2 protein chains.
Amino acid sequence: MVKFSKKIEYSLIALRYIAGAKDEVITAKEISNKYNIPHELLAKILQKLKKENILSSNQGVNGGYKLSKPLNEISLSELIDKIEGKTAIVECLHTDNVSECFISDSCSIKDPINKMQIELENLLKTKMVSDFI
Amino acid sequence: MVKFSKKIEYSLIALRYIAGAKDEVITAKEISNKYNIPHELLAKILQKLKKENILSSNQGVNGGYKLSKPLNEISLSELIDKIEGKTAIVECLHTDNVSECFISDSCSIKDPINKMQIELENLLKTKMVSDFI
DNA sequence: TTTAAATACGACTATATTAGTCCAGTTTTA
DNA sequence: TAAAACTGGACTAATATAGTCGTATTTAAA
């Protein structure tokens, strides 16, 4: 329920590892070998991190990834949003289309849960990826 | 990823409703009708809440549920643990059996994630079910 | 200029979790 | 004794997560 997905775990492991390599580029294979992470899956994650401008990459032989910004500038909140897409802690908050919620106007808990969500997000915003090292 | 399950949502809705009824007992049916929650599912949840001593019940005609303690004595943390079972935000923290984790000793993020988990839990501990009303 | 090592991308499958259903009890009151 | 409620377990369905496969593209080096 309040749980990190493998994607987030693998992201943290990879980002930490890449950060430790300073300017060297690091391949997906190196990380997946070292930590027993399925290669194809990790590759997808790194590609996503690249698209989201957290990593930059070189293709071809001797290619690989490096950080495009320091880890203390990436919050856990940002990482989660970018890897998994923005999600709400309850579905009815996920969309403006309130009419889709068949509990709708009799729903009594939306506002307080919304506040809860904001507090959770704020906590995740204060945690930088660099804290996980 | 950081998201309440339907069980938690339904629990909050139900607890709120039951609390509003003061000393009257409330049936699962009444709540499921009012909020369009599947009856069998809600019934299960209320039974669980009873087993966990959050609700008490009377069987038979005119039976139903009532609170066995005030909502400001039930934290969100407690509710989640009791409804869903204690969970860890990453799997490797869930068990002492570290050997099952095939990343194991090369795993670099366990400690910091553990701290994160504690902070999340602390936040959930400060939120009482009564705050969701 | 060809080969090998790497990223890039999309479709697919498998597994796990969550949500919901069904059915057969038991208890209690009118 | 019938109806309204809780009790409990097994089952199915739906969704989300995790992981795989195949193919294309880029690039450095032999």
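Sequence lines set the chain letters: A, B, ... in the order given, protein chains first and strands last, and positions in each chain run from 1. No experiment lies behind these values; they were computed from the predicted model shown.
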Within the pair A:N62 and D:dT27, is there a side-chain N or O less than 4.0 Å away from OP1 or OP2?
-> no

Within this structure, what is the OH-to-C1' distance between A:Y35 and D:dA18, rounded to whole angstrom?
-> 21 Å

Roughly how many Å is it from NZ in B:K6 to P in D:dA16, rounded to a whole number?
-> 10 Å

Any B:Y10 side-chain nitrogen or oxygen under 4.0 Å from OP1 or OP2 of C:dG20 = yes

For the residue pair A:L15 and A:L71, what are the closest heavy atoms and their distance?
-> O-CD1, 3.8 Å

Rounded to whole Å, CD1 of B:I8 lies from C1' of C:dT18 at a distance of 12 Å

Got a list of protein N/O to nucleotides 7-9 of chain C N/O distances below 3.5 Å?
{"from": "C:dT7", "atom 1": "OP1", "to": "A:A28", "atom 2": "N", "distance (Å)": "2.9"}
{"from": "C:dT7", "atom 1": "O3'", "to": "A:S57", "atom 2": "OG", "distance (Å)": "3.4"}
{"from": "C:dT7", "atom 1": "O2", "to": "A:Q59", "atom 2": "NE2", "distance (Å)": "2.8"}
{"from": "C:dA8", "atom 1": "OP1", "to": "A:K50", "atom 2": "NZ", "distance (Å)": "2.8"}
{"from": "C:dA8", "atom 1": "OP1", "to": "A:S57", "atom 2": "OG", "distance (Å)": "2.8"}
{"from": "C:dA8", "atom 1": "OP2", "to": "A:Y65", "atom 2": "OH", "distance (Å)": "2.8"}
{"from": "C:dA8", "atom 1": "N7", "to": "A:Q47", "atom 2": "NE2", "distance (Å)": "3.3"}

Determine to 10° how strongly the helix from C:dT1-D:dA30 to C:dA30-D:dT1 is bent, judged from the axes of its five-pair ends.
-> 0°

Name each donor-acceptor pair under 3.5 Å that joins a side chain in residues 42-55 of chain B to protein atoms two or more places apart or in another chain, with its distance.
{"from": "B:K48", "atom 1": "NZ", "to": "B:K82", "atom 2": "O", "distance (Å)": "3.0"}
{"from": "B:K50", "atom 1": "NZ", "to": "B:S57", "atom 2": "OG", "distance (Å)": "3.2"}

One should read off an interatomic distance between B:E24 CD and B:K66 NZ, to the nearest 0.5 angstrom, of 12.0 Å

Just do the side-chain contact (heavy atoms from CB on, under 4.5 Å) check on B:E78 and B:D81 with the steps written out, would you?
-> CA-CA 5 Å; B:E78 181 186 345; B:D81 288 351; 5.8 Å; no

Separation of D:dA5 atom P from B:E24 atom CD, nearest Å, is 13 Å

Work out which heavy atom in A:T27 is nearest to a heavy atom in A:G63; give both atom names and the distance.
-> CG2-O, 3.4 Å

Counting side-chain heavy atoms from CB outward, which of D:dA18, C:dA19, C:dT29 is closest to A:S5?
-> D:dA18

Using whole Å, report how far CG of B:L42 lies from C1' of C:dT21.
-> 14 Å

Take the protein atom CG of A:L41 and the nucleotide atom P of C:dT15, then report the distance between them rounded to whole Å.
-> 15 Å

Minimum-distance nucleotide to A:P38 side chain [options: D:dT20, D:dA18, D:dA29] | D:dT20

Measure from NZ on B:K66 to P on D:dC6 and round the result to the nearest Å.
-> 13 Å

Interatomic spacing from CD in A:E121 to CE in A:M116 - rounded to 0.5 Å | 10.5 Å

Mark yes when over 12 heavy atoms from residues, nucleotides or ligands other than B:K29 sit less than 6.0 Å from its NZ; otherwise mark no.
-> no

Scanning both residues in full, the closest heavy-atom pair of B:L41 with B:Y10 reads CD2-CE1, 3.7 Å

Looking only at heavy atoms, which two atoms of A:E84 and A:I8 are closest? And how far apart?
-> OE2-CG1, 3.5 Å

In whole angstroms, how far is the P atom of D:dG19 from the CD1 atom of A:I45?
-> 9 Å

